[in-house]
Amino acid sequence: YKPKSYSMSAARPGEFDITFKVYPDGRASGYLDRVEIGQSITVFGLPKGKVRQEGSHVGFIAYGVGITEALPIAAAELQKNDSSKVLLLWASKTTGDTFWHEEIMRLQEEYEARFDFKEILSREKKENALHGRINPSVLREVFDGTWGTEPEGEMAHMRADVRFLVVGTKEMMRETDKLLASIGYEQPTHALLGRS
């Protein structure tokens, strides 16, 4: 057994939500199960010396429960008004693994001209969703195809203003870095942050 990470998924004055996946008879949420109301837990904020990078186009790639980190950050980016386009790609196995449908719809309605949401399912076909796994072709279609930022596209001059945040396991994030580099976006998955 090793400790699991949890994502803070919403914040309000004096309180916040933590979202985690519960495994029947599993130990993934054992730590939180032992925390009593009123006790403290350790959480992590923005690392020292890091600041938010600017860029007009922001792409989020969330693997599974990585949505609990990606969606709130996407919402925060939309509230800042300096990102002209925000696109969230959520990769899941099935629709049964998805949630927060109302929150996603609310963002789509509120930021209709600036926010795009795409999902890809690996084990199920669904209308208006991609099917399969994330690969260079999918990334080109979803991001460059939506924004027109492919090297020959009408918005190719905006490629330097594109930044990404990938949320998943370390292995998924490293692999996605390579996939993004293969289509011309050579930046780490944490490119929303840079040194101050």
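- Between Phe60 and Phe164, the gap from one ring centroid to the other reaches at least 6.0 Å.
- Considering only heavy atoms from C-beta on, Met172 stays 4.5 Å or farther from Val166 through its side chain.
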**Message:** Go through it in stages, so that I can follow the logic: the residues are Thr149 and His157, the test is side-chain contact (heavy atoms from CB on, under 4.5 Å), and I'd like the CA-CA distance, side-chain angles, deciding distance and then a yes or no.
**Reply:** CA-CA 7 Å; Thr149 51; His157 62 284; over 6 Å; no

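- Side-chain contact between Val58 and Leu165: absent, with no pair of heavy atoms (C-beta onward) separated by less than 4.5 Å.
- In this structure, the side chain of Gln39 engages the main chain of Glu36 through a donor-acceptor pair within 3.5 Å.
- Clustering of Ile, Leu, Val, Met, Phe, Trp and Tyr side chains at separations under 4.5 Å leaves Met105 isolated, with no partner residue.
- Within the 4.5 Å cutoff, no side-chain heavy atoms of Ile183 are placed close to those of Phe143.
- Applying the side chain to side chain contact (heavy atoms under 4.5 Å, CB included) test between Leu88 and each of Asp116, Ile67, Ile61 identifies Ile67 as the sole match.
- When the side chains of ILVMFWY residues are joined at heavy-atom separations under 4.5 Å, either directly or via intervening members, Leu130 and Leu179 end up in a single hydrophobic cluster.
- Scanning both residues, Pro151 and Arg159, for their nearest heavy atoms gives CD-NH1, 3.8 Å.
- Separating the CG atom in Leu71 from the CH2 atom in Trp90 is a distance of 8.0 Å, to the nearest 0.5 Å.
- Shown here is Glu154, whose CD atom has no more than 12 heavy atoms of other residues, nucleotides or ligands within 6.0 Å.
- One finds the NZ atom of Lys85 at 11.0 Å from the CG atom of Leu78 (value rounded to the nearest 0.5 Å).
- Relative orientation of the Trp147 and His57 rings is perpendicular, given thresholds of 30° and 60° on the angle between their planes.
- Not one N or O on the side chain of Ser122 forms a donor-acceptor pair closer than 3.5 Å with the backbone of Arg133.
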**Request:** Report the C-alpha distance between Asp177 and Tyr185 in whole Å, list the side-chain angles of each, state the deciding distance to 0.1 Å, and finish with yes or no for side-chain contact (heavy atoms from CB on, under 4.5 Å).
**Result:** CA-CA 8 Å; Asp177 277 346; Tyr185 294 107; over 6 Å; no

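- Side-chain atoms of Arg123 never come within 3.5 Å of backbone atoms of Lys93 as a donor-acceptor pair (strictly under, hydrogens ignored).
- Ser83 and Arg163 share a side-chain donor-acceptor pair at under 3.5 Å.
- Here the rule is side chain to side chain donor-acceptor pair (under 3.5 Å) with Arg106, and of Glu103, Glu110, Gln108, Glu102 only Glu110 fits it.
- Linking Ile, Leu, Val, Met, Phe, Trp and Tyr residues whenever their side-chain heavy atoms come within less than 4.5 Å leaves Val167 and Leu121 in two separate clusters.
- A donor-acceptor contact shorter than 3.5 Å is absent between the side chain of Lys118 and the backbone of Asn128.
- Considering only heavy atoms from C-beta on, Ile134 stays 4.5 Å or farther from Glu175 through its side chain.
- Cluster annotation: Met155 and Val86 are assigned to distinct hydrophobic clusters (Ile/Leu/Val/Met/Phe/Trp/Tyr, side-chain heavy-atom contacts under 4.5 Å, transitive).
- Side-chain contact check for Leu107 versus Phe117: every heavy-atom pair is 4.5 Å or farther apart.
- With a 4.5 Å cut-off on side-chain heavy atoms, Ser56 and Met158 count as touching.
- In this structure the side chain of Lys126 never reaches within 4.5 angstrom of the side chain of His131, judged on heavy atoms.
- With contacts defined as side-chain heavy-atom distances shorter than 4.5 Å, the pair Leu89/Glu119 does not qualify.
- Judged purely by distance below 3.5 Å, without hydrogens or angles, the side chains of Tyr63 and Ser92 never pair a donor atom with an acceptor atom.
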